[in-house]
Amino acid sequence: MRLTEPVPCTVAWQGDAGLDAALLRLSAEGLDMSGAPAVPEPRWAEVTGAEPVAVAVTGMSAAAARSTGDGTETETVRGVLDPLTYTRSDRYAVDVSTAWPAGWDQWSGMSGSAVVHKSGALLGVVAWSDRPYEGRRLTAVPVRALLADPGFRGVLREMTGQDALLRALDPERPVESVRLTAGSQLATAAVRTTLKAPPRRIVDREAERHRLPELVAGNLTGRPELVHAIVGMPGVGKSALARYLAHQLAADFPDAQFELDLYGHTPDRAPLNAQAAMEALLTWAGICGDNAPNLDAKAALWRNWLHGRRGLLLLDNAESLEQVACLLPGDDSSLVLITSRVALHDPDRITLTELDVLPADEAVRLLIESAGVQAEEATDPALEEICRACGFLPLAVQAVAVRLRFEEPEELLSAMRETDSPLLEIPDADRRVGAAFAVSWQALEAADPLQAGLLRVLAMHPGPELEVEACAAMTGMTARECRRRMADLATKHLVQRQGRGRFGFHDLFLAYARSLAMAQEPQERWDEVLDRLFTHFLSRGEAAQVALTASTGDPGVARTWLDRERTNLIAVTVAAVERRSPQARRLAAMTHALLGRLGATTELARIWSTMRDTAETDHDRPSRADALCGLADTERRSGDLTTARDNYQVAADLYEALGDRRGQADALWGLAETERARSRYEDARALFLEARRSYEELDDRAGLADTYWGLANVAVSLGRYERGAEEFRQARELYAGLGDRRGQAQAIRGLADIARNRGRGYEAHEGYHAALATYEEIGDVRGQAQSLRGLGHVARVDGRHEEAADLFVRARDLSRRIGDRRGEADMLRGLGDVQRLRGNYAEAREMLTRSAEVHRDLDNAGGLGFTLRALGDTERADGRPDRARAAYDEARAAFHRVGSRRGLADTLCSLAGVLPPGAEARAAYTEALALYEGLGADTTAARCRERLAELDRASQQGSDGASELGE
């Protein structure tokens, strides 16, 4: 019956996401039913067997309906439904054989249309097609899925008064000409091609699309490579690439082109065994193998038929090498393309191509093409972030693209970031990706429960990489056994190789595996596994700590381990804190000691902030004190000195209330170091002395050594070089007794600073080089930067300006790498000094101005004073004495405020150089000379006397002539 007018209707039932179908109840009012045929009883069927079935698909032209709004006109196309051509879970694939109706060229779907057998039985309903590259193919939901819906069955029962019955529809075999072949084998006419339609467009896998045809042609190896296995994790695009290549190469293999789905990883369907696969191929080849007694005999018939033919065989979705081995040709005349989630290792016969996730640019192109993004929107940076959230997995990217048709990229990205699993906000994408993963998981669980259990344990690892020894500790296996089993998981693409002895999960599969681990493993098992992991990291980390600081162990091995495990160490420590592990405080302290010297302030702040928050929730005062002290350390190193001071003070008070004298001494030491960084030298000295008394009472030699080192730095900043040198020597002796190489390097560098300030360049140069060698050996980035800065100052004073600039640049880059803003500002000052000496005053002024801004922001009066003095020197050299004097006056005030005698002396001497000859200049030089003599800076004191003598001569001769006093 054809409707020519709109008819009122109500929706009696509607499918969920992914099933674009509904039952409508039409109103008979106003309809002329005369002459209408009786409504037949509905017939519901599913296809069985392995033969194609001719079907008709009737529905409205979606493209036309979109453009005209008219949904009353229906179209019918004809095609073939082949049970062997499933393209996704629980779906039929219908290859259309008739031409598309007008207006359908921009969309391949017939959403909600009926797939009907000529007997009148309904086989399925076309689902919305969200894969635009499928071309002339429709995807249909089988009737079984409809009848499984309680709402659908209830509506049918109400309408018909009985339950719907599903019957099997055995496909009718086509009538073929029959002939008798040699050996009395019954054969039918051969099928030439069963290739499915190629992707309508393909924008990814550019490298593989060019490389594989070159291998087939023999252009890369000197001989044709004709058997290829394209392998990779679920959803990575193996079948799409293989189908594309098959159609690209089909013209070179015209004799037969067969595509066979082996169902190696298909939901709710057993893999096709080798016998059934062979019979399907023989049938397509026109051979009846009934008289062949076994699989080997059938394989011989198949190889005999292929011999000399230029055939193309696409074996899709293989479960194992054994499944495909007997299907391969016996000669080199045919091309075979195999896809599998399992690495099919047979180097004598098969060339392996492993597909990883897409590169970022290819993933974005796939997203753009799949979503139909307009050209002007294609450069939106949110598109790459969406692909990143999908793990650059093609299946996920294409599923998410459906939403991008209706949402702005930023809105979609925001929704994906709201949950731990980015696809949870996109149910259809989550379902499709989860279904793809589930098949691999179920196959593993059925074949090897021990491996499935290992995979669940590996998913408990909180870090981004799986190192074999750590995983062995988690499982209780030997490292050798664990490596072997993890390698086996990698061949199945359930984990990914990431270097020697290292593996990892794809982000989306990790979320899936972790959800299974949470559902299937009891909490006690999680506790057991993670406690083993925490113990392993404590053992390895403390051994590395000893190797990097003491005189035992191999620092190179420790540094390599730390470089590789840095992100895992952070993740494991955070997990221990979040789980309130008894090992959390020890792990956090160890991680802080290892990573603090590398400038990992952001990561360490995450650990300590997490500990602080959990401790406050649990009213755990010892952990809260540790967290605040650790957090203050990271804040001090990153330049947030005010916040650091406050947190140190609260930690010190907590430790005192708890009676933890060592914790209190550590907090006081941190507070003293913060005050020193703020140029509050007298306050810093008092706090260091208080901490020293506590360490002496506790007989804590390490704390005592650190305190002498801090006191020495304060003395140097105040220009008290003799005291500073003595305290550095005391610190070095204590560090040597402890075997602490880093501490010894710190003391040696401090003594080199004193030598440089006293004008003893060679002694300073040797000291900085000795410290730098130790810092490089133990991997202390901050120490390296500070030693390079000292060497830069020595080279600058010696007139080696190119070398000095290179040293300052290296030091600046290291400071920038670890987020040391104060260090970076100091290096900028050194570079500015070098530019001034080269006569590049504009460049020097720009660098020094930037340095001063950082020091002001950090409230570092001492660093600001030195930078302003250098800026005054630059203005003076550039012929701007008024600007120079203003900079010197501000620098002098800063040095007066912090009590820096060396800084004040240098500034007075420079200031005298821009003052008119006379009493004011003489007073500045005289004050500077007294300071230099008190500092023991003999060289600069001698130069100051020379300037005073010049003033005396100029006064006697009536001439002026003050010249610059360099550092």
Side-chain angles (χ1 to χ4, degrees), residues 47 50-57 59 61-63 75-89 91-111 113 115 123-124 126-141 191-205 208-209 212-213 230 235 237-254 256-263 266 280 284 311-317 335-339 366 369-370 372 394-395 398 401 432:
V47 180
E51 297 297 327
V53 174
V55 294
V57 184
S61 170
E75 300 281 0
T76 298
V77 294
R78 300 192 181 281
V80 174
L81 185 155
D82 190 339
L84 293 179
T85 58
Y86 279 105
T87 57
R88 63 183 68 174
S89 61
R91 297 289 190 268
Y92 287 141
V94 179
D95 290 314
V96 175
S97 56
T98 58
W100 289 117
W104 283 51
D105 56 330
Q106 297 302 315
W107 184 50
S108 63
M110 291 184 70
S111 180
S113 306
V115 180
L123 302 180
V126 175
W128 180 281
S129 176
D130 55 7
R131 296 173 66 180
Y133 62 75
E134 285 191 343
R136 301 172 62 82
R137 167 162 299 152
L138 303 175
T139 303
V141 177
V191 176
R192 194 184 74 83
T193 181
T194 65
L195 289 182
K196 300 175 184 178
R200 189 168 67 178
R201 64 173 70 88
I202 188 165
V203 296
D204 55 350
R205 303 299 179 196
E208 291 84 357
R209 286 188 284 121
L212 284 167
I230 301 172
K238 304 177 292 294
S239 297
L241 175 62
R243 202 162 293 131
Y244 169 86
L245 292 169
H247 283 271
Q248 290 293 306
L249 299 169
D252 296 330
F253 300 92
Q257 297 158 2
F258 297 156
E259 177 175 347
L260 180 63
D261 191 338
L262 298 173
Y263 302 108
T266 302
W284 290 342
L312 188 156
L313 182 60
L314 199 169
L315 301 173
D316 192 25
N317 198 5
L335 170 65
V336 181
L337 300 173
I338 310 167
T339 71
L366 179 62
E369 292 285 340
S370 301
L395 176 64
Q398 289 173 302
R432 288 174 55 186

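Because only heavy atoms are used, hydrogens play no part in the values below, and waters and symmetry mates are left out as well, while side chains stay in.
- A heavy-atom distance below 4.5 Å is found between the side chains of Val336 and Leu315.
- Contact annotation: the side chain of Lys196 never approaches that of Ser239 to less than 4.5 Å [non-hydrogen atoms, C-beta and beyond].
- With values rounded to the nearest 0.5 angstrom, Thr194 atom OG1 is found 7.5 Å from Leu260 atom CG.
- In terms of modelled atom types and a separation under 3.5 Å, the side chain of Thr339 and the main chain of Asn317 share a donor-acceptor contact.
- Here the CG atom belonging to Leu249 is positioned 10.0 Å from the CD atom belonging to Gln257, to the nearest 0.5 angstrom.
- The two atoms that bring Ser370 and Gln398 nearest to each other are OG-CG, 3.7 Å, heavy atoms only.
- Rounded to the nearest 0.5 angstrom, Phe253 CZ and Thr193 OG1 are separated by 14.0 Å.
- Take Ala246 and apply the side-chain contact (heavy atoms from CB on, under 4.5 Å) test, not counting sequence neighbours, and it matches Leu195, Leu312, Leu314, Leu337.
- A pairwise comparison of heavy atoms in Arg205 and Pro394 identifies NH2-CG, 4.2 Å as the closest pair.
- In summary, Asp316 and Lys238 do not engage in a salt bridge, as defined by a charged side-chain N under 4.0 Å from a carboxylate O.
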side-chain contact (heavy atoms from CB on, under 4.5 Å) assessment of Leu212 paired with Ile230: CA-CA 10 Å; Leu212 284 167; Ile230 301 172; 4.2 Å; yes

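- For the pair Ile338 and Leu262, the minimum side-chain heavy-atom distance is 4.5 Å or more.
- Taking 4.5 Å as the limit, some side-chain heavy atom of Glu259 sits within range of a side-chain heavy atom of Arg243.
- By the side-chain contact (heavy atoms from CB on, under 4.5 Å) test, Pro254 is found to be paired with Arg310, residues two or more places apart in sequence or in another chain being considered.
- The side-chain contact (heavy atoms from CB on, under 4.5 Å) test applied to Ala54 returns no partner, not counting sequence neighbours.
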